[in-house]
Visitor: 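Take a look at this one; I'll ask things after.
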Amino acid sequence: MDVTSISSTYDTFRITICWLNVSGSSRDIWLRFNNDTAGNYATESTFFSSGTVTASRESSQSKIRLNIGQTVMTSSTNHYTITVSKPTTGMPASINFDGKINNTSSVMKMFGSADWNNTSAKIDRIKIQDEDGTGIFDTGSFYILEGYVVA
């Protein structure tokens with residue numbers, strides 16, 4: 001998913017993404033805004049697997065890893081709902097995500113929050129990508145992007 005030329009009138013976004021990892025390698029899934037590759041991202045997440053709860057934190061990163069600390073296994077269906085809010089240029093974007101992935105041993109429930117600390121621009125590009133070498137989700141994957149204007 002790579003949506004460009006987003007109007008600055010939009011303040012809040014909801015992204016629903018379902019991706020299939022049919023073949024290839026295990027994948028790391030990430031989110032980035034405005035093609036910003038600087039260390040402006042921080043993520044706090046929790047995941048549940050086989051009765052175990054684990055928390056992770058990353059700061060000063062070049063992207064938000066949605067499956068922080070875990071990779072998506074091959075032959076799996078994975079899902080996230082992501083909410084993003086950035087009403088002004090002078091404040092960071094606030095991101096919440098909730099999803100499910102299949103890793104190499106079990107189904108995992110993941111949720112978290114993140115910040116994009118770039119305060120110089122509103123969001124004009126949203127990119128969610130995998131890093132298996134192609135950057136493309138397998139056939140059958142889809143996303144829904146909704147944009148809202150907060151009054």
Side-chain angles (χ1 to χ4, degrees), residues 1-21 25-49 52-73 76-104 106-138 141-150:
M1 173 189 141
D2 189 4
V3 180
T4 61
S5 302
I6 296 172
S7 171
S8 63
T9 60
Y10 293 109
D11 302 312
T12 301
F13 305 90
R14 182 171 53 201
I15 306 159
T16 303
I17 186 163
C18 178
W19 73 92
L20 307 179
N21 190 9
S25 60
S26 296
R27 298 175 177 184
D28 188 25
I29 308 301
W30 55 264
L31 169 65
R32 185 174 282 148
F33 302 104
N34 295 10
N35 238 14
D36 182 359
T37 59
N40 291 320
Y41 302 89
T43 308
E44 185 80 40
S45 68
T46 304
F47 59 91
F48 304 85
S49 177
T52 301
V53 179
T54 306
S56 297
R57 173 157 178 74
E58 292 185 335
S59 59
S60 301
Q61 298 297 304
S62 64
K63 59 192 169 237
I64 296 167
R65 289 194 308 144
L66 295 172
N67 53 316
I68 187 170
Q70 300 297 318
T71 54
V72 177
M73 66 181 254
S76 66
T77 303
N78 309 278
H79 179 270
Y80 272 100
T81 301
I82 305 161
T83 305
V84 180
S85 182
K86 189 170 190 342
T88 68
T89 58
M91 61 190 311
S94 175
I95 300 100
N96 288 300
F97 57 91
D98 184 356
K100 170 260 188 223
I101 68 166
N102 289 341
N103 76 353
T104 55
S106 66
V107 173
M108 300 187 89
K109 171 69 176 169
M110 302 193 77
F111 67 90
S113 59
D115 283 333
W116 176 48
N117 294 312
N118 183 326
T119 57
S120 65
K122 290 189 71 176
I123 294 171
D124 63 18
R125 182 175 186 174
I126 300 174
K127 187 173 191 175
I128 298 177
Q129 189 170 345
D130 66 16
E131 293 182 317
D132 73 337
T134 64
I136 301 170
F137 294 110
D138 288 331
S141 302
F142 68 89
Y143 71 90
I144 301 167
L145 173 63
E146 300 167 275
Y148 301 93
V149 177
V150 178

Visitor: Quick check: closest heavy atoms across Ser94 and Asp115, and the distance to 0.1 Å?
Guide: CA-OD1, 4.1 Å
Visitor: Counting C-beta onward and ignoring hydrogens, is there a side-chain heavy-atom pair between Thr54 and Thr52 closer than 4.5 Å?
Guide: yes
Visitor: Quick check for you: to the nearest 0.5 Å, what is the distance between Thr83 atom OG1 and Tyr148 atom OH?
Guide: 8.5 Å
Visitor: Does any N or O in the side chain of Asn78 come within less than 3.5 Å of the main-chain N or O of Asn102, such that one atom is a donor and the other an acceptor?
Guide: yes
Visitor: Taking it one step at a time, do Ile29 and Ile101 satisfy side-chain contact (heavy atoms from CB on, under 4.5 Å)?
Guide: CA-CA 10 Å; Ile29 308 301; Ile101 68 166; over 6 Å; no
Visitor: Assess the residue pair Ile126 and Val84 against the criterion (side-chain contact (heavy atoms from CB on, under 4.5 Å)); give the C-alpha distance rounded to whole Å, side-chain angles, the decisive distance to 0.1 Å, and a yes or no.
Guide: CA-CA 10 Å; Ile126 300 174; Val84 180; 5.6 Å; no
Visitor: Shortest non-hydrogen contact from Thr119 to Pro92?
Guide: CG2-N, 3.9 Å
Visitor: Taking the side chain from Lys86 and the backbone from Ile95, do they hold a donor-acceptor pair closer than 3.5 Å?
Guide: no
Visitor: Check Gly99 against Lys109 and note the closest heavy-atom contact, atom names and distance.
Guide: O-CD, 3.4 Å
Visitor: To check you understand the geometry: which heavy-atom pair defines the closest contact between Leu66 and Phe97, and what is its length?
Guide: O-CE1, 3.6 Å
Visitor: Would you say the rings of Tyr80 and Trp19 are close, in the sense that their centroids are separated by under 6.0 Å?
Guide: yes
Visitor: Are the side chains of Ile17 and Phe142 in touch, meaning some heavy atoms are under 4.5 Å apart?
Guide: no
Visitor: Looking only at non-hydrogen atoms, find the nearest pair between Ser62 and Thr37 and report the distance.
Guide: CB-O, 3.2 Å
Visitor: Please check if the side chain of Thr46 supplies one atom and the backbone of Ala55 the other of a donor-acceptor pair under 3.5 Å.
Guide: no
Visitor: Quick one: does any side-chain atom of Lys122 pair with a main-chain N or O of Ser8 as donor and acceptor, under 3.5 Å?
Guide: yes
Visitor: Does any N or O in the side chain of Asn40 come within less than 3.5 Å of the main-chain N or O of Asn118, such that one atom is a donor and the other an acceptor?
Guide: no
Visitor: Which heavy atom in Gly147 sits nearest to a heavy atom in Tyr10, and how many Å separate them?
Guide: C-CD2, 3.4 Å
Visitor: How many angstroms lie between CE in Met108 and OG in Ser76, if you round to the nearest 0.5 Å?
Guide: 12.5 Å
Visitor: Can you check whether Tyr143 reaches Val3 side chain to side chain, under 4.5 Å on heavy atoms?
Guide: yes
Visitor: Is it true that a side-chain atom of Asp11 and a backbone atom of Val150 form a donor plus acceptor pair closer than 3.5 Å?
Guide: yes
Visitor: Let's go through Arg65 and Thr43 carefully: what are the C-alpha distance in whole Å and the side-chain angles of both, what is the deciding distance for side-chain contact (heavy atoms from CB on, under 4.5 Å) to 0.1 Å, and is it a yes or a no?
Guide: CA-CA 8 Å; Arg65 289 194 308 144; Thr43 308; over 6 Å; no
Visitor: Name the one of Asp2, Thr4, Asn34 that satisfies side chain to side chain donor-acceptor pair (under 3.5 Å) with Arg125?
Guide: Asp2
Visitor: What distance do Ser141 atom OG and Leu20 atom CG have between them, rounded to the nearest 0.5 Å?
Guide: 4.0 Å
Visitor: Is it true that a side-chain atom of Lys100 and a backbone atom of Thr77 form a donor plus acceptor pair closer than 3.5 Å?
Guide: yes
Visitor: Less than 3.5 Å apart, any donor N or O on the side chain of Tyr41 or Arg32 sitting next to an acceptor on the other?
Guide: no
